[in-house]
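Chain letters run A, B, ... following the sequence lines, proteins first and then strands; every chain starts at 1. Since this is a predicted model, take the numbers as computed values, not measurements.
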Amino acid sequence: MPPPTVPFFLTSTTLTPTTKKPQPPPPPCDAQAQAAAAASQASAASASYAARMRLNPHLALRLFDHLLRSGADPDPAAYALALASCARGRDRAAAAQLHAHAAKRGVLASHRRVRGRLVHAYAVCGMLPHARRVFDGGTDNDMFAWNCLLRGYAREGGDADALHDFFARMPSRDSISWNTVLSWCVANGEYGEAIVVFREMLVSQECQPDRVTLVSVVSATAYLGAFALGLWAHAYVIRKGVEVDEKLSSALINMYSKCGFVEGAVYVFENTAVKMSLDTWNAMLVGFTANGCSARALELFTRMESKGLVPNKITFNSIVNACSHGGLVDEGIRYFERMSRVYGIEPDIAHYGCMVDLFSRAGLFEKAGEIIQIMPMEPDASMLKALLGACRTHKNLELGKKVGHRLIEAAPNDHAGYVLLSNIYALDGDWGGVHKVRKLMLDHGVLKIPGSSSVELNGVIHEFISGDKSHSRKRDIYKMLSEICQQLKNTGYTPDTSQVLLDIDDEDVKESSLALHSEKLAIAFGLISTAPGTPIRVVNNLRICGDCHHAIKLLSKIYRRSIIVRDANRFHHFREGSCSCGDYWVKSSI
DNA sequence: CTAGGGTTAG
């Protein structure tokens, strides 16, 4: 809801509510009379209206306006309450007006609580320079003001250096200060940094980490796929008796899911004593879906409904995707229809995208086309990507070429369209087409993203890129790699060079470029640095390529290891020569 | 009831 451009308390002379939906509890039945009463009793009375003012920001500002109009001299508490309302209603203009009043009456200089609230209001309204000026006008700022300003620096689009600088200059930091920085790290993709900051927090001994701290830390380990760190964080929670509420339990479920350890997620889900929110259920559902446990996802959905929980958009997105993954076309249609019929949720583009994915993955391209026809919006790039991927899998070359060109038009800077389209031409044996696409890609200045894979060992993350020679154990790794290649050849495996899209004519070079894919390097490293039988967990930045997928299936059998690869968006649990994805998610190399 | 919390397919 956009904030009104002019504050109510300066423009309106009546007290007719302008908000369509007053927040519960309802506003007082006779607001006008109360406001008049408030005005007549002047500042002494303002505190007695505190409770009511807190409930409704707009009313609070109107009451304050009446105080001013009556010529009263509002006390600091009245300013503080009115400013809190500005903060809640994100009312920039009102904050500025109150600032002017408070400054004129000298309240600002003498009352740090008023100053703190003003810093707060400006910070949450995205007016950092204003917040800074008010803050700098005081000499006795409290932790509240410091933390509010810190939050202002941590806002979206803020300057990271300025944030860190301000944090470092704080005279002292409490858990809220640390948590503000940690959540900034997670929100800005600085997951490794989050771990570093958390370590600094522990070392500083300034304060105890709490459940909010742990949400950020656990989430960072989830993104990194840093399983040992994630386990350590969960152990820390248990050891220190950190309270696990529904947000922390969701984060833990998410962490175990994103590390490919579904049973860990289930453990947290089933054993968390707190009342679980819909988000907790959704986290578990997403965990099952991403790990290819379609049947368990469907069961969980049934359990949700029998408990009387009301599923939301995310629930349906996830459940339709579980159907898509499991090839359960009819069930997917049923859930999609149930969403709007039973729960009144209008499908958004993501839901239509899931349906296109569901149909096209199953080879039902006419059905996928119907969805695109009936939906009230234009297909987006991700929908075209799903469709195009399926065209490749099902060798629907004619449709694939059309969709491919459309995708490149829609997302010219995304390498996915070029890669998929050139795969389609390659399948058709149309090498001229392949080269044209490659040229198009170069013309647009689109770069291939280098593949990278990481393995965690004793809490340290070892990252490899294709053909990487920088690791300290590179000699051992490459020795292992050539042993691996030999073992693979003994089983009759031949490298699948058909979709290597480099401009390479020499088959040998193509083969060796495949052999040096980052996931193979990571697995070679995993095999030589962990005890026999230990599962190897690999985190990939891209989708796994078809050749690696085939090779890793064999390796899991040859070396009797379970190998868990987290891809750009899914998991592959390799065990005894097969993969949990049922070969449904394999993509070509790039 | 003064500040800090993640999650949605491909």
Problem set entry | Residues forming a side chain to side chain donor-acceptor pair (under 3.5 Å) with A:Asn317, sequence neighbours excluded | none
For this session: Have a look at A:Phe301 and tell me which of A:Phe316, A:Phe288, A:Trp281 forms a ring-ring contact (aromatic ring centres under 6.0 Å, His included) with it.
Result: A:Phe316
Exercise. Can a donor-acceptor pair be found between the side chains of A:Thr315 and A:Asn282 at a distance below 3.5 Å?
Worked result: yes
Exercise. How would you list all residue pairs meeting salt bridge (Lys or Arg N to Asp or Glu O under 4.0 Å) that involve residues 310-334 of chain A, not counting sequence neighbours?
Worked result: A:Lys313-A:Asp348
For this session: If a pair satisfies salt bridge (Lys or Arg N to Asp or Glu O under 4.0 Å) and one of its residues is in residues 283-294 of chain A, list it, with sequence neighbours excluded.
Result: none
Problem set entry | No-hydrogen, no-angle side-chain donor-acceptor test under 3.5 Å, A:Asn179 and A:Asp210 | yes
Exercise. Taking DNA chain B as the partner, which of residues 241-253 of chain A come within under 4.0 angstrom of it by heavy atom?
Worked result: A:Asp245, A:Lys247, A:Leu248, A:Ser250
Problem set entry | Residues within residues 198-213 of chain A bordering DNA chain B, heavy-atom distance below 4.0 Å | A:Asp210, A:Arg211, A:Val212
Exercise. Rounding to a whole Å, what distance do you find between A:Asn188:CG and B:dG6:P?
Worked result: 11 Å
For this session: With a 4.0 Å heavy-atom cut-off, tell me which residues in residues 164-183 of chain A come close to DNA chain B, sorted by residue number.
Result: A:Asp174, A:Ser175, A:Ile176, A:Asn179, A:Thr180, A:Ser183
Exercise. Counting only distance, no hydrogens or angles, is the base of B:dG6 paired donor-acceptor with the side chain of A:Ser219 under 3.5 Å?
Worked result: no
Exercise. Is A:Asp142 salt-bridged to A:Arg113, going by a charged N under 4.0 Å from an acidic O?
Worked result: no
Exercise. How would you list all residue pairs meeting salt bridge (Lys or Arg N to Asp or Glu O under 4.0 Å) that involve residues 170-181 of chain A, not counting sequence neighbours?
Worked result: A:Arg173-A:Glu206
For this session: Taking only the side-chain nitrogens and oxygens of A:Lys313, find out if one of them lies under 4.0 Å from OP1 or OP2 of B:dA9.
Result: no
Seminar exercise, completed: salt bridge (Lys or Arg N to Asp or Glu O under 4.0 Å) pairs touching residues 183-204 of chain A, sequence neighbours excluded, are none
For this session: Output yes when at least one side-chain N/O atom of A:Asn321 is less than 4.0 Å from OP1 or OP2 of B:dG10, else no.
Result: yes
Exercise. Hey, are A:Arg117 and A:Tyr122 close enough side-chain-wise for a donor-acceptor pair under 3.5 Å?
Worked result: no
Exercise. Which whole-number value in Å describes the distance from A:Trp281 CH2 to B:dG6 P?
Worked result: 23 Å
Seminar exercise, completed: A:Met339 CE to B:dA9 P, in whole Å, measures 15 Å
For this session: Not counting sequence neighbours, which residues clear side chain to side chain donor-acceptor pair (under 3.5 Å) with A:Ser277? List them please.
Result: A:Thr280
For this session: Starting from P on B:dG10, measure out to CG on A:Asp414 and report it in whole angstrom.
Result: 15 Å
Problem set entry | Under the side chain to side chain donor-acceptor pair (under 3.5 Å) test, residues paired with A:Arg406 that sit two or more places apart | A:Glu378
Exercise. Of the nucleotides B:dA3, B:dG10, B:dG5, which has the atom closest to the A:Val215 side chain?
Worked result: B:dG5
For this session: Considering just the side-chain nitrogens and oxygens of A:Arg151, establish if one lies under 4.0 Å of OP1 or OP2 belonging to B:dA3.
Result: no
For this session: Would you mind classifying the nucleic acid contact of A:Asn317 as base, sugar-phosphate or nothing, using non-hydrogen atoms under 4.0 angstrom?
Result: base
For this session: Please name all residues satisfying ring pair (Phe, Tyr, Trp, His ring centres under 6.0 Å) with A:His164, sequence neighbours left out, ordered by chain then number.
Result: A:Trp184
Exercise. Any N or O donor-acceptor pair linking the side chain of A:Asn147 to the base of B:dA3 at under 3.5 Å?
Worked result: yes
Seminar exercise, completed: Closest heavy-atom pair, A:Val218 versus A:Ala251, reported as atoms and distance to 0.1 Å, is CG1-O, 3.3 Å
Exercise. What integer distance in Å separates A:Phe571:CZ from B:dG10:P?
Worked result: 12 Å
Seminar exercise, completed: Here the residues of residues 283-297 of chain A within 4.0 Å heavy-atom distance, strictly under, of DNA chain B are A:Val286
